[in-house]
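Following: one structure in structure tokens, then a few remarks.
Hydrogens, waters and symmetry mates play no part in the numbers below; they use all other heavy atoms, side chains included. Naming convention: chains lettered A, B, ... in sequence-line order (proteins, then strands); numbering from 1 in each chain. These figures come from a predicted structure and were not determined experimentally.
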2 protein chains.
Amino acid sequence: MPKNCNFIEKLREVGLRPTKQRIKMCEVLYNREKTFHFTINDLVKMISEQMNQKISLATVYNTVHAFEKKGYLKEISIDSHKSYFDTNTSAHHHFFDEDTHELIDCDESDIDKINIRKKITGKKINSVELLVRVASDNQTQK
Amino acid sequence: MPKNCNFIEKLREVGLRPTKQRIKMCEVLYNREKTFHFTINDLVKMISEQMNQKISLATVYNTVHAFEKKGYLKEISIDSHKSYFDTNTSAHHHFFDEDTHELIDCDESDIDKINIRKKITGKKINSVELLVRVASDNQTQK
DNA sequence: CAATAGTTTAGAATTATTATAATGTAGATT
DNA sequence: AATCTACATTATAATAATTCTAAACTATTG
Ligand SMILES: [Mn+2]
Ligand SMILES: [Mn+2]
Ligand SMILES: [Zn+2]
Ligand SMILES: [Zn+2]
């Protein structure tokens with residue numbers, strides 16, 4: 001979703017009623033310069049800080065999954081213990097900082113084209129994504 | 001761990017006492033031609049089928065994590081809702097069949113060398129792994 | 001054969017997530 | 001504008017995966 005767009009219209013377009021909660025979530029998620037990564041918990045905190053009224057955890061889950069289904073959010077699997085979501089819904093690669101548990105997007109231009117020679121019969125490729133795990137470089141220093 | 005090796009010795013070598021449960025788990029995991037992928041649930045079923053005596057779920061978790069720490073197992077993140085483990089502990093790529101939820105290893109030779117141009121200052125690369133999601137190809141057929 | 005440290009175990013606790021069912025509300029219909 | 005209805009929100013209960021606890025057990029050492 002583009003920044004500062006008419007969220008009410010955007011929600012209606014995809015058949016989601018523009019409720020107070022959903023509009024606030026759109027603002028928190030999409031009214032910013034860059035896309036970002038978050039966990040449900042991160043998001044609940046962000047919303048709570050920006051709303052006078054409390055939002056139910058169930059609504060956050062419902063809405064995140066509704067947005068995901070409509071293609072406005074994407075789930076990322078790096079840690080099998082928690083779901084990460086991404087407002088960048090295109091297929092793209094990530095760095096994962098194992099010290100800070102932070103995800104960093106990787107531009108197409110950062111990686112040479114990936115060529116997959118293996119084919120699986122009867123199956124088509126849905127996505128090709130790289131995960132580059134990094135950690136602080138504090139070992140052999142002179 | 002190599003197939004048909006002396007698991008008792010191997011366990012002792014890394015400081016794990018060779019208990020009945022651990023030896024059985026070694027047999028189930030490593031006495032086979034090829035490496036494979038499993039969930040904790042898969043593993044509990046496999047062990048139960050091969051043991052007269054029951055094994056505690058806690059022991060399976062404990063032992064899987066002990067083996068992981070010793071480098072005999074590797075955790076794979078594809079689905080944020082469940083942990084997958086791999087007896088192939090080298091860094092390697094995967095196909096994930098979204099229909100069957102099956103993981104398939106990808107040989108080094110199946111993928112052209114991946115060149116990462118982006119550097120993150122103060123961080124070293126620990127691993128570079130590709131996940132290729134595939135699904136059945138049942139759409140536009142003439 | 002102790003003694004001891006490590007291991008297994010059942011069951012409780014925790015965490016993330018989903019289901020339930022009552023209440024509320026957006027948008028359509030009168 | 002009042003009413004209707006399908007969709008949403010909510011608190012709370014339920015579930016599922018995983019971890020913790022503390023007692024019973026066992027491999028190894030002396
Ligand atoms: Mn999900
Ligand atoms: Mn784990
Ligand atoms: Zn991203
Ligand atoms: Zn594998």
Starting at atom CG of B:Leu11, determine the distance to atom P of D:dT26, rounded to an integer number of angstrom.
18 Å

Excluding sequence neighbours, so at least two apart, what forms side-chain hydrogen bond (donor to acceptor under 3.5 Å, both in side chains) with B:Glu129?
B:Lys74

Applying salt bridge (charged side-chain N to carboxylate O under 4.0 Å, His left out), can you list everything that pairs with A:Glu102, at least two apart in sequence or on another chain?
none

Both B:Asn62 and B:Ile8 contact DNA chain D. Which one's nearest nucleotide lies toward the 5' end?
B:Asn62

Below 3.5 Å between N/O atoms, which protein atoms pair up with nucleotides 4-7 of chain C? Just atom names and distances, please.
from: C:dA5; atom 1: N3; to: B:Arg17; atom 2: NH1; distance (Å): 3.4
from: C:dG6; atom 1: O4'; to: B:Arg17; atom 2: NH1; distance (Å): 3.4
from: C:dG6; atom 1: O4'; to: B:Arg17; atom 2: NH2; distance (Å): 3.3
from: C:dT7; atom 1: OP1; to: B:Arg17; atom 2: N; distance (Å): 3.2
from: C:dT7; atom 1: OP1; to: B:Arg22; atom 2: NH1; distance (Å): 2.5
from: C:dT7; atom 1: OP1; to: B:Arg22; atom 2: NH2; distance (Å): 3.3

Which whole-number value in Å describes the distance from A:Arg12 CZ to D:dC7 P?
16 Å

Roughly how many Å is it from NZ in A:Lys24 to P in D:dT9, rounded to a whole number?
15 Å

So which protein nitrogen or oxygen atoms get under 3.5 Å of nucleotides 10-16 of chain C's nitrogens or oxygens?
from: C:dA10; atom 1: OP2; to: B:Lys54; atom 2: NZ; distance (Å): 3.1

Distance, nearest 0.5 Å, that separates CD1 of B:Ile23 from CD1 of B:Ile8
4.0 Å

Output every pair passing salt bridge (charged side-chain N to carboxylate O under 4.0 Å, His left out) with a member in residues 33-44 of chain A, not counting sequence neighbours, ordered by first then second residue.
A:Lys3-A:Glu33

Could you tell me the separation between the CD1 atom of B:Ile23 and the C1' atom of C:dT8, rounded to a whole number of Å?
14 Å

Just the rounded figure in Å: distance from P of D:dT18 to CG of B:Asp42.
11 Å

On the nucleotide C:dT17, are OP1 or OP2 found under 4.0 Å from the side-chain N or O atoms that A:His65 carries?
no

Between A:Leu130 and A:Leu103, is there a shared hydrophobic cluster once you connect ILVMFWY residues whose side-chain heavy atoms come closer than 4.5 Å?
no

Whichever of B:Ile40 and A:Gln53 has its nearest DNA chain D nucleotide further upstream toward 5':
A:Gln53

Of all pairs that satisfy salt bridge (charged side-chain N to carboxylate O under 4.0 Å, His left out), the ones with a partner from residues 10-20 of chain B, not counting sequence neighbours
B:Glu9-B:Arg12

Using atom types as modelled, flag every donor-acceptor pair under 3.5 Å from a side chain in residues 46-61 of chain A to any protein atom, sequence neighbours excluded.
from: A:Ser48; atom 1: OG; to: A:Val44; atom 2: O; distance (Å): 2.7
from: A:Ser56; atom 1: OG; to: A:Ala58; atom 2: N; distance (Å): 3.2

In whole angstrom, give the distance that lies between atom CZ of B:Phe7 and atom P of D:dA27.
18 Å

Output the rounded distance in Å from CZ (B:Phe38) to P (D:dA17).
16 Å

With a 3.5 Å cut-off and sequence neighbours excluded, list the donor-acceptor pairs that the side chains of residues 112-120 of chain A form with protein atoms.
from: A:Asp112; atom 1: OD1; to: B:Arg117; atom 2: NH1; distance (Å): 2.5
from: A:Asp112; atom 1: OD1; to: B:Arg117; atom 2: NH2; distance (Å): 3.0
from: A:Asp112; atom 1: OD2; to: B:Asn115; atom 2: ND2; distance (Å): 2.9
from: A:Asn115; atom 1: ND2; to: B:Asp112; atom 2: OD2; distance (Å): 2.9
from: A:Arg117; atom 1: NE; to: B:Ser109; atom 2: O; distance (Å): 3.3
from: A:Arg117; atom 1: NH1; to: B:Asp112; atom 2: OD1; distance (Å): 2.5
from: A:Arg117; atom 1: NH2; to: B:Ser109; atom 2: O; distance (Å): 2.9
from: A:Arg117; atom 1: NH2; to: B:Asp112; atom 2: OD1; distance (Å): 3.0
from: A:Lys118; atom 1: NZ; to: B:Asp105; atom 2: O; distance (Å): 3.2
from: A:Lys119; atom 1: NZ; to: A:Ile116; atom 2: O; distance (Å): 3.2

Listed partners of B:Asp97 passing salt bridge (charged side-chain N to carboxylate O under 4.0 Å, His left out), at least two apart:
A:Lys123

